[in-house]
Amino acid sequence: MAFRSDLEAMVLGVLQGESLHGYEIAKRIRQLSKDALKFGEGQLYPALHALEESGHIAAEWVPQEGKPARKVYSITEGGKAELEKQRSAWEKFVQGVASILAPTKAVHNG
Amino acid sequence: MGKYIDWYLVEVERLIGQSTTREELHETLREVGSHLSSAKEGAMAQGLEDRNAELAAVESFGTPSNFVKHVLGSRDSAGQRATTWLAVSSGICWAVFVPLITSLRTPELILAPLLLLTAFAISSFRTRPLKASFVLATMFAGGLIQLILAAIVFVPLRTNYGRVGIIERSEAPYGSEVGFFQSAISFLPEHAQATAIAALVVLAINWLFAALGMLPSRRARRSLVP
């Protein structure tokens, strides 16, 4: 199966529209999936670091007044291409599963 | 930051220990601290009071040991891939080139420095993350050692024979350069002796640098959590 059902695809998905910091990414995944995708937020960071290392996302520390600085992540051109690949793999996966799980009409012989 | 977040960061720092560089540890703690502060703010915005908001933030992040396991696990997989790749190529080198070049009657010690870099890289990758700057530093250090060893090996060869490169085995200056090891392993067949000498040199320097790489620096021992 080409689709990687891991956090990296989800992260690319939520970053496609805007740049976000780690906490917001976790929150957005929870919200968009309507709480269907729950995970320890700490698990997000290895995925973020892997994406950063592969060049799919870029990160920048943004200072805040009176608060700790935040590392803000944004998707790169390479990340957008990867997301497109993941999306098409996901569509194929869904179609494949749907065609198996779809209710079949009873076949009558004679 | 409150006391639960501070406790969390201290735990993460303790569990990660010397498994990462000081810079990466600092970056990780900074990022976790920032995440937990944001999560605490989020929980407070939903009506939780300070202490409970902090506990909720810490709880949603997962236990420190789980977090560290994930962080180190993702690094290990990259490190292990590189280590495996290097180990395999190094193994092929040992298995193929040492006997081959020995049979061409080249003093095998000349080969040892060339193999050193690979072996050195294997030991270095074991406990370090794959950072370009670190790899470059490793290569530089490896190159330096190669030069020193090459000088040690080449200079006597040049003095004795006026040239380096392929020379007759009967002319090889084992007696003066590796006499001690040679006599200790003289019971082995000729090719095995050559391999053993080269292996000994590589192993010794490999261990030295593996040990040096794992030694915590004075700066790294200081806690990064205020």
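Per chain, numbering begins at 1; letters A, B, ... match sequence-line order. Just so it is clear, the values below take in all heavy atoms, side chains as well, and ignore hydrogens, waters and symmetry mates. What you see is a predicted model; the values in this text were computed from it and never measured.
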(message) Ignoring hydrogens, what is the shortest heavy-atom contact between A:L20 and A:I25? Give both atom names and the distance.
(response) CB-CG1, 3.7 Å
(message) Does atom CD (A:Q16) have a neighbourhood of more than 12 heavy atoms from anything else shown, all under 6.0 Å?
(response) yes
(message) Could you check, using the six-membered ring where one of them is a Trp, whether B:Y4 and B:W7 have ring centers closer than 6.0 angstrom?
(response) no
(request) Using only heavy-atom distances, determine whether the side chains of A:W90 and A:Q95 contain a donor-acceptor pair under 3.5 Å. (result) no
(request) Please check if any side-chain donor atom of A:E82 sits under 3.5 Å from a side-chain acceptor atom of A:Q86, or the reverse. (result) yes
(request) Tabulate, in ascending numerical order, the residues of residues 56-63 of chain B having at least one heavy atom closer than 4.5 Å to a heavy atom of chain A, or enter 'none'. (result) B:S60, B:F61
(request) On the 0 to 90° scale, with breaks at 30° and 60°, tag the A:H21-A:Y23 ring pair as parallel, tilted or perpendicular. (result) parallel
